[in-house]
Participant: 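To start, I am sharing the structure in question, which I have written as structure tokens.
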Amino acid sequence: MGLQISFWIFSVIAVGGGLIALFERSVVRSAFALFGTFLGVAGLFLTLGADFLAWTQVLIYAGGIMVLYLFGLMLTKPSPFERNLRRIGLALGLTASFALLFFWRLFAGAEWGALPAAELPAPEPAARGIGLAFLRPEGWLYAFEFASIILLLALIGSVYIARRRSGPPPAEEAS
Amino acid sequence: MPGWLLTVWAAVVAMVVVFTFLTIMVMFSVWMERKVAGFIQHRVGPMRAGGFHGWAQSIADSIKLLFKEDLILIGADRKLFQIAPALVMATATAMFVVLPFAPGWQVADADLGVFLILALASVTTIGVIMAGWGSYNKWSVYGAMREAAQVASYEIPLALSLIPPILHYGTFSLATATEAQAGWGGMQWYVFSSAAPVAWLSFPLFFIAALAENKRAPFDLPEAESELVAGFHTEYTGIRFSFFFLEEYAAMFVMGAVGAALWFGGWNFPGIHLLEPGSALLQVLALFAFVAKAMALVFVMMWVRWTVPRLRIDQVMTLGYKYLTPLSMAVVLIAAFWEFGLHLIQD
């Protein structure tokens, strides 16, 4: 019962936020609605017992990426009618076809019916398991380290591009 | 009573307890801030309200705030303007859920306590940006933008500086980390433990990043009153303004409590092993020790605020990106090698 209630609350937040993000005219308001969607999805993860995933979602998407979105939006020139909903047809068609494909793959051959909440496995602390899975050679250690090196390269590259150049401009810019 | 109703009931009780504690703690902190500011500036601070050293000043202030008119500008984005204080307040209250006040006195022993606090602290930022944008005031938008830039750059050192204690105790849970610091009759705090040098390196980083995350001086750029009137809460009055005020002091306490729980032994105090576990005396003393340690760190934040002048925005960014971020990465590396060495010695 409690699970159903929280599922419905978080679903309404997630879907409602998404709809507002889609149909709101002001871009900043859309961004805040998207933030609501992130929180709702994090709540759904929590109801599924994936606490690490839920808080990562809040930390990275709701807290980090959203702040960068808003920062970017505030640097752009505002206008009262920023949205043009007439151009949405192509995007809607593409998304709908992908969603159809996805659900067809997901539910082809699925057995329908609700699993009683008592039979669901109890949620357990996941952080230790995730850490052990990532940081062991027989787990995902190499993929994990590879990804972190790529991120480090991206970081250093962005610093190199953004840094202030003192002195005369380099030769390739002058030519 | 069905299980879910029991859960809701427990949540309501926890909310009332947390909110009561938070309100009293914030009132005390505001009074303390004014007294500390007074003593540092060689004056006495509030002296009249209530008699003894103006102890009732905060009560008088909050009653005044409650009765102030609630203003919303005509051009303001009413929904965002109204949601922002609620969002900020909700996240500040939610962070108290995982703080271990005494053995067993914790609303929820979340396995991911520190992680949860970091996540919710970043959500507070969204509330501040929402307030700045919804206010229909250029100063507010400037404040919000500064908050966005500042928090995006200081979240990394804050999270990284928390990693050494997490590595040492092998847990995100504040309660488990506190229990692990109970040795030596309650004196084996992380700063005195076998990884003490790493603790001394990481704590200053954590403290500076926490100041910036809480937008406390010298990092109070989002509400710099000499440049931006009052920054993101320029247009807020009455109860909505007091929500931002509550949030600031609540976040200070939470950061102080995280520092106390991870570096300074949480509710452990010298001689805790002499008392019978679970006795009322131990519980009360432990609660007192925890709140005292957290408030001591809050006091240092106030001390810094009234001593160091505000940084410029470029200095804030330089400090964040060029010094704190590489330093915290280095500290994480040192901590990892130190823990590895400890394991080698123990095996």
Side-chain angles (χ1 to χ4, degrees), chain A residues 1-6 20 24 26-29 31-36 38-39 42 46 49-75 78 117-118 123-132 135 152 155 158-159 162-164, chain B residues 2-8 11 77 79-80 83-84 87 90-91 94 108-130 132-134 141-142 144-153 155-156 159 166-167 170-173 176 321-322 325-326 329:
Chain A
M1 187 65 189
L3 206 63
Q4 269 92 337
I5 294 174
S6 32
I20 296 174
E24 175 61 52
S26 143
V27 177
V28 175
R29 275 194 167 192
F32 284 123
L34 190 62
F35 164 72
F38 287 152
L39 286 192
L46 270 186
D51 50 352
F52 188 79
L53 193 58
W55 296 119
T56 312
Q57 162 94 3
V58 174
L59 183 69
I60 307 290
Y61 284 94
I65 297 204
M66 213 55 232
V67 170
L68 293 180
Y69 274 178
L70 290 166
F71 194 68
L73 283 178
M74 286 182 186
L75 289 174
E124 52 189 62
R128 179 170 290 271
I130 291 172
L132 288 178
L135 293 174
L152 186 68
L155 190 74
S158 58
V159 169
R163 91 195 155 119
R164 184 186 300 158
Chain B
W4 65 273
L5 207 60
L6 205 67
T7 314
V8 171
D77 193 330
K79 284 208 187 71
L80 294 184
I83 293 171
L87 181 68
T91 50
D109 184 11
D111 182 55
L112 292 166
V114 184
F115 202 58
L116 191 151
I117 286 179
L118 276 178
L120 289 175
S122 64
V123 170
T124 310
T125 314
I126 300 279
V128 169
I129 299 173
M130 205 186 269
W133 180 263
V141 177
Y142 276 130
M145 280 192 67
R146 285 180 176 188
E147 167 85 3
Q150 182 173 320
V151 169
S153 50
E155 214 152 62
I156 302 160
I166 292 170
L167 268 181
T171 178
F172 282 114
S173 157
T176 316
Y321 280 116
K322 288 191 180 166
T325 307
M329 285 178 183

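All values reported here derive from a predicted model rather than from experimental measurement. Within every chain, numbering begins at 1; the chains are lettered A, B, ... in the order of the sequence lines, protein sequences first and strands thereafter.
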Participant: Calculate, to the nearest 0.5 Å, the distance between atoms CH2 and CG belonging to W55(A) and L118(B) respectively.
Facilitator: 11.5 Å
Participant: Contact part of A121(B) toward chain A, heavy-atom cut-off under 4.5 Å: side chain, backbone, both or neither?
Facilitator: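 No part of A121(B) comes within 4.5 Å of chain A.
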Participant: Working to the nearest 0.5 Å, report the span between CD of Q150(B) and OG1 of T125(B).
Facilitator: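 Rounded to the nearest 0.5 Å, the CD-OG1 separation comes out at 9.5 Å.
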Participant: Excluding sequence neighbours, so at least two apart, what forms ring-ring contact (aromatic ring centres under 6.0 Å, His included) with F115(B)?
Facilitator: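 F115(B): ring-ring contact (aromatic ring centres under 6.0 Å, His included) contacts with F52(A), F172(B).
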Participant: Please classify the contact between I60(A) and chain B as side chain, backbone, both or neither, with a heavy-atom cut-off of under 4.5 Å.
Facilitator: neither
Participant: Of all of V123(B), I129(B), V151(B), which one pairs up most often with chain A through heavy atoms under 4.5 Å apart?
Facilitator: I129(B)
Participant: Between E147(B), E155(B), M130(B), K79(B), which has the largest tally of heavy atom pairs under 4.5 Å with chain A?
Facilitator: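 Most pairs with chain A among the choices: M130(B).
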Participant: Quick check on the interface: out of L87(B), V8(B), L116(B), who has the most heavy-atom pairs with chain A under 4.5 Å?
Facilitator: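 Most heavy-atom pairs within the cutoff with chain A belong to L116(B).
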Participant: Rounded to the nearest 0.5 Å, how far does CG of L155(A) lie from OG1 of T325(B)?
Facilitator: 8.5 Å
Participant: From L112(B) CG over to I117(B) CD1, what is the distance, rounded to the nearest 0.5 angstrom?
Facilitator: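 Between L112(B) CG and I117(B) CD1, I get 11.5 Å after rounding to 0.5 Å.
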